[in-house]
Amino acid sequence: MRQRFKRFLQEEDGAVTVDWVVITAGVVGLAVGIYGTLEANTIALGDAAAVAVTGENDF
């Protein structure tokens with residue numbers, strides 16, 4: 001049983017797959033965070049522009 005466990009710990013098959021999964025999860029997490037920040041700021045900017053345009057008297 002110990003030899004089987006040692007062999008399991010020494011094998012590296014699948015390690016690259018785990019690396020890619022972790023990297024992909026990190027990229028997706030960053031993208032979600034950036035999207036949330038940009039969405040909130042874009043809405044605020046649009047609202048501010050709407051108020052400025054509404055306040056102008058062009059005629």
Side-chain angles (χ1 to χ4, degrees):
M1 188 68 170
R2 277 188 181 199
Q3 288 179 346
R4 185 180 254 177
F5 186 67
K6 275 185 176 180
R7 198 173 340 129
F8 173 75
L9 291 177
Q10 290 174 351
E11 283 193 23
E12 295 185 8
D13 293 341
V16 173
T17 303
V18 173
D19 290 344
W20 276 108
V21 169
V22 170
I23 290 170
T24 304
V27 169
V28 169
L30 285 173
V32 167
I34 290 170
Y35 175 77
T37 302
L38 287 177
E39 180 187 21
N41 289 334
T42 303
I43 290 172
L45 180 63
D47 290 342
V51 168
V53 168
T54 306
E56 290 293 320
N57 291 329
D58 290 344
F59 50 94

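The structure displayed is predicted, hence computed values, not measured ones. Computed from heavy atoms alone, side chains included, the values below leave out hydrogens, waters and symmetry copies. Position 1 is the first residue of the sequence, and the numbers go up from there.
Using a 4.5 Å heavy-atom cutoff, the side chains of V51 and D47 are not in contact. For the pair N41 and L45, the minimum side-chain heavy-atom distance is 4.5 Å or more.
Here Y35 is tied to no hydrophobic group at all, with no ILVMFWY side chain closer than 4.5 Å.
More than 12 heavy-atom neighbours from other residues, nucleotides or ligands sit within 6.0 angstrom of CD on E11.
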